[in-house]
Amino acid sequence: MNEKDMIQIKQSISMPPEMTDALIQNSAKSHRKHYRYSRYSKLCAALMSLLLIGAAGSTSLAAYNVYQEKQLAVFMDVGITQEEIGTIGNELAQIPGIASYRFISAEEAWADFKAEYLGDYADDFDENPLADSFNYEVSIWLGANTQQVREQISQLDGVRRVTTIREANELQKSVE
């Protein structure tokens, strides 16, 4: 609000002229002081926002890399029975550091692969070429030692290979 607006307000208000003049003077003084402060505070807020955005971006990238390392795929031996697969699942539940695990059947693995990579060409296959690709998808707590958990999993009877998401992606790129 500028001084002209204040004069119009003063004329429309029914109060003693001394009070109106004091109100205009005090309002103008506090407005000037606040304006200088708000300009400085806006600059500080903008700088803080930039710093926070930069910090959040680098933290998100680091968290993304950690998250990738904390996801494992556990592949079992060819010819393993459903009972042995269940036993491996029960043993995974006992390993400290594992947050969750989920069984991925060969059919589910093949359906995902077809949808992602083959599209219309999937009809050319009579059999599931990923019949031995059933696995457990394992999530590890962020604070856990991934390598230690990975070693414990690979020592389980019936486990043939344990990979991280990154290793699986690198293997897939090398095949393409």
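Predicted, not measured: the structure shown is a model, and the values here were computed from it. Because only heavy atoms are used, hydrogens play no part in the values below, and waters and symmetry mates are left out as well, while side chains stay in.
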*asked:* Please determine whether residues V138 and I80 belong to a single hydrophobic cluster, defined as Ile, Leu, Val, Met, Phe, Trp and Tyr linked transitively by side-chain heavy-atom distances below 4.5 Å.
replied: yes

*Would I153 end up clustered with Y101 when hydrophobic side chains under 4.5 Å apart are linked, directly or stepwise?*
yes

Between [X] and [Y], what is the shortest heavy-atom contact and its length?
{"X": "R150", "Y": "V162", "answer": "NH2-O, 2.8 Å"}
{"X": "S133", "Y": "A109", "answer": "O-CB, 4.2 Å"}
{"X": "A144", "Y": "G97", "answer": "CB-CA, 3.7 Å"}

Look only at the side chain of [X] and the backbone of [Y], and say whether a donor-acceptor pair between them is shorter than 3.5 Å.
{"X": "N135", "Y": "F103", "value": "no"}
{"X": "R160", "Y": "F75", "value": "no"}
{"X": "R161", "Y": "V74", "value": "no"}
{"X": "K70", "Y": "T164", "value": "no"}

_Results of side-chain hydrogen bond (donor to acceptor under 3.5 Å, both in side chains) for Q148 - residues two or more places apart only_ = none

Is the shortest side-chain heavy-atom distance between [X] and [Y] below 4.5 Å?
{"X": "N145", "Y": "I140", "value": "no"}
{"X": "D132", "Y": "D77", "value": "no"}
{"X": "I88", "Y": "M76", "value": "yes"}

_D112 atom CG, neighbour heavy-atom count above 12 within 6.0 Å_ = yes

*Within 6.0 Å of CD in E127, more than 12 heavy atoms from elsewhere*: no

*May I ask you to say whether E108 pairs ionically with R102, meaning some side-chain N is under 4.0 Å from a carboxylate O?*
yes

Pairwise distance [atom1]([X]) to [atom2]([Y]) - rounded to 0.5 angstrom:
{"X": "E91", "Y": "Q155", "atom1": "CD", "atom2": "CD", "result": "11.5 Å"}
{"X": "L72", "Y": "Y136", "atom1": "CG", "atom2": "OH", "result": "14.5 Å"}
{"X": "Q152", "Y": "I95", "atom1": "CD", "atom2": "CD1", "result": "5.0 Å"}
{"X": "L156", "Y": "E84", "atom1": "CG", "atom2": "CD", "result": "12.5 Å"}

*Worked check of side-chain contact (heavy atoms from CB on, under 4.5 Å) between W141 and I98*: CA-CA 6 Å; W141 292 111; I98 293 182; over 6 Å; no

*E151 and S154: CA distance, side-chain angles, deciding distance, side-chain hydrogen bond (donor to acceptor under 3.5 Å, both in side chains) verdict*: CA-CA 5 Å; E151 289 170 8; S154 30; over 6 Å; no

*Look at the rings of W110 and F113 and say which category their plane angle falls in: under 30° parallel, 30 to 60° tilted, over 60° perpendicular.*
parallel

